[in-house]
Amino acid sequence: MSWYLTLPIVIPLATAILVALQRSGAAAGRWLSVGGSFLLLAAAVALVAQVWRHGVIVAQMGSWAAPFGITLVADLLSAAMVAITAIIGLAVAIYALADIDARREALGYHTLYQVLLAGVCGAFLTGDIFNLYVWFEVMLIASFGLMVLGGDKAQLDGGIKYIALNLVSTVLFLSGIGLLYGLTGTLNMADLHLAVREVEQTGLVTVVAVFFMVAFGIKAAVFPLFFWLPASYHTPPVAVSAIFAGLLTKVGVYALIRVFSLIFTQDIGYTHALLLAVAGLTMVTGVLGAAAQDGFRKVLSFHIVSQIGYMIMGLALFTPLALVGAVFYLVHHIIVKANLFLVSGVANRLTGSFELARIGGLYKSAPLLAVLFLVPALSLAGIPPLSGFWAKFLLVKASLDIGAYMIAATALVVGLLTVYSMTKVWAEAFWKPHPAGTAPVMVLLDQRERLALLLPIAALAALTVAIGLFPEPFVAFAERAAGQLLDPTAYVRAVLGDVR
Amino acid sequence: MNSLILNAATRVLVALMLLFSVYMLLRGHNEPGGGFIGGLIAAIGFALYAIAHGTRAARRALRTDPGRIAMAGLGIALFAGLGAALAGEPLFTGQWAFIDIGDGSKGLPVSTVLLFDIGVYLVVVGAVLTLVLALEDEV
C-alpha cells in the first residue's frame, strides 16, 4: 500500500540525484529528466486508480503511528493533483529539451526541476501540517533556484520580489502552525480536524485560520497579496515559467482547500465569507490587470491571478456543487495555463519577442501554432465546448443555487473580460502582420526542436478538448473528490484508525 | 591566509576534527550527536583547511565537488529509507541486523538508521562546503 504513496515523491527525488551524479554529459541529464517524469506519470496513474477503487489510502512513515509520526495520505483530490503534476511535469520536461540552454543545464536545471516536482508531490500527499510546511520549503528552494538560474538581470529582479514575499508567507505559515500546535497539541491534519472542535476559545481558532489564509493566500496569489506573481513570472525561461504558472500557485490553492475543508470549518460564516470577498476581488483585479498589459507572458501572469479567484470562489461557497467546480477548475486550469505559457515560448522563438507590439503574423506563417493557441485561450475564457466552459458553468450554477448573485455576476463578467484580453493577444500576436515585415515560419526551428516544442503543447491541447467533449467522467471524479472534502470522516478514519 | 601558526595548527586540528566528526556520527545512535552535528564538524575541518591553505587546496583534499558529496548523501539517505519498503514495511521504518560478536550479548547492532545518518552527514558536509568554498573563492 505504501508504495503508491511514496513513489510519486521517491521517483523525482531519485531522478534528481541521478541527474546530479551522472558524468555522461548534458544529454544524459536531459533524458534522465524526461524518463523520470515518465515514471512519475506511471506512478501517479497507479495512485489515482488505487484511490478510485479503494478510497482514501494511508501510509505511516517509519511505522510511527498517527498522530505522532508523519502520515502520507491520498484522497481523490490529492491523487488527482499528483496526476496533473505528473502530466505537466512530463510535458514541460519534453519542452525543456528545446528550451533550456546548455549553460542553465550545466548549472543544474534538471536537478532543481526534479526536486521541484518532488516538493509539489510531497505537498499534495502529506497528511501532516508541519510536513506540509517542509514540502513547501523543498518546493520553494527549488523554485528560487530555477527562478534565478542563469542570472539574467531581469531574472534577478523578479527573483528578489518572488523570494521576499514568499519568505513572508513562510514565516506566517510557520507562526500559524506554532499557534495551532499550542492550541491543540497535534500536527496531524486528521487529528486536527477532531482537536480543533474541542478548543474552547473559538475566537483564537479563527485568528489562526486567518494566519493560514494569509500565508496560503500569498502562495496562491489572491487579492491583495498577488503582486509578486506578475512581477516575476515573465522573467525566467519559458519552461520554468510554465511549470510555475501551472503548478506553484495551485499548491497554495490546494493547501487552502485542504485546510479550510478539513480543519477550519468551525466558523464558516466568517472565514468562508472572507474567502468569497477575496475571490471576487481576485477575479476582477486579475483580469483588469491583464487588460492593461502588453507583454504576452505578463497578460498570462495576470490571468493566473484572475483564475485563482474562481477556485477560491468554489471553496468559499462551500456547497457540494461549488467544491466540484473548484476541483474541476483546478485540474482544467493547470493544463490550460501551463499550455498557454508554452505557446508564448514558441511565439517568442519564432518572432523574437514577448512584447505584443513587436510581434505578429503568426496566423499566416504558423497556422498550427495558432490553432494550438486558440484551444487553451478559448478554454481559459470559458467558451463551450472546451474544459473551461464546464468549470465556469459548475461554479456559476453553484452560486446561483444558493442565491449568491453578486459572485455569479462577477464570475460571468470576468469571463467576458477574459475573452477580451485573449482576443487582444490573438489580434496582436497572430492576426496583425509582423511589424518588421518578416514572416516568422516554423522551419526556422529544426525538426527535433519543433517536435520537442509542439508535442507537449498539442498533447495538452488535446487533453483540454477531451475534458471539454467528455466532461462526465471528470465531473463524476470531481463529485467524489468534493464528497470526500465535505465529509472528511473517511479521511480521518483512514488516518487514525477506528479508535475514535 | 599566510600564517605559519595557522598552517601548523591546521595540520593537527583538521585530522582531529574529522576523527571527532566520525565519533559524533556513531555516538549519535543512542546519545547526543548524529549525522547533522558530525557533518558540521567535518565541514568546519575542511573550512579551516581552506582558510589556511586556500580553497583550491581544500577542493583537492575533498577530491570531488562538494555538491556531488551532498547529492550522494541524499542518495544514501533515500536508499536507507527504501530498504524498509523493499522489506514490505512503510518507508523509513528502521531495519536492524545484529552481528554476532561471540560474547553472549545480543550482538553488534547494524541498521538502516545508521546508513540514513551517514547520508545526512554527507549532505551536511557537501552543502556547507559548497557554500563556504563558494564564499571563500577568490574571484
Side-chain angles (χ1 to χ4, degrees), chain A residues 1-23 29 32 36 43 57-66 68-74 106-112 114-115 118-119 121-122 125-128 131 134 138 141-142 145 149 151 495, chain B residues 28-29 34-36 39 59 62-97 109 111-131 133-135 137 139:
Chain A
M1 202 59 119
S2 79
W3 277 114
Y4 290 105
L5 286 159
T6 45
L7 276 183
I9 300 170
V10 169
I11 289 173
L13 213 51
T15 312
I17 294 166
L18 283 178
V19 171
L21 290 181
Q22 60 92 15
R23 285 175 183 274
L32 269 174
I57 60 173
V58 169
Q60 313 287 0
M61 290 299 94
S63 298
W64 297 100
F68 306 109
I70 291 170
T71 310
L72 292 188
V73 45
L107 287 169
Y109 168 81
H110 296 297
T111 308
L112 286 171
Q114 293 294 332
V115 173
C121 288
L125 286 174
T126 185
D128 182 286
N131 198 231
V134 173
V138 170
I141 288 168
L149 198 69
V495 174
Chain B
H29 223 48
F36 191 90
R59 282 186 201 276
L62 272 174
R63 289 174 203 275
T64 178
D65 177 42
R68 297 178 73 87
I69 297 179
M71 274 300 175
L74 198 60
I76 291 172
L78 191 64
F79 180 73
L82 283 176
L86 292 174
E89 288 180 68
L91 209 66
F92 287 110
T93 308
Q95 304 294 312
W96 294 81
S111 68
T112 56
V113 182
L114 179 64
L115 195 60
F116 180 81
D117 234 12
I118 292 171
V120 173
Y121 177 93
L122 292 176
V123 169
V124 173
V125 172
V128 171
L129 284 179
T130 306
L131 297 177
L133 294 184
L135 291 173
D137 266 336
V139 184

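Chain letters run A, B, ... following the sequence lines, proteins first, then strands; residues in each count from 1.
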Can you say whether B:Leu74 sits under 4.5 Å from chain A via the side chain, the backbone, both, or neither, judging by heavy atoms?
-> both
What part of B:Thr112 is in contact with chain A, defined as an atom under 4.5 angstrom from a non-hydrogen atom: side chain, backbone, both or neither?
-> neither
Options B:Gly75, B:Gly81, B:Gly94, ranked by heavy-atom pairs under 4.5 Å with chain A, top entry | B:Gly75
Is any side-chain heavy atom of A:Met61 closer than 4.5 Å to a side-chain heavy atom of A:Thr6?
-> yes
Which of A:Thr71, A:Leu72, A:Val10 passes side-chain contact (heavy atoms from CB on, under 4.5 Å) with A:Leu5? It is A:Leu72
Below 4.5 Å, heavy atoms only, C-beta onward: do A:Val58 and A:Val73 meet side chain to side chain?
-> yes
Any side-chain heavy atom of A:Ile9 within less than 4.5 Å of one from B:Leu91?
-> no
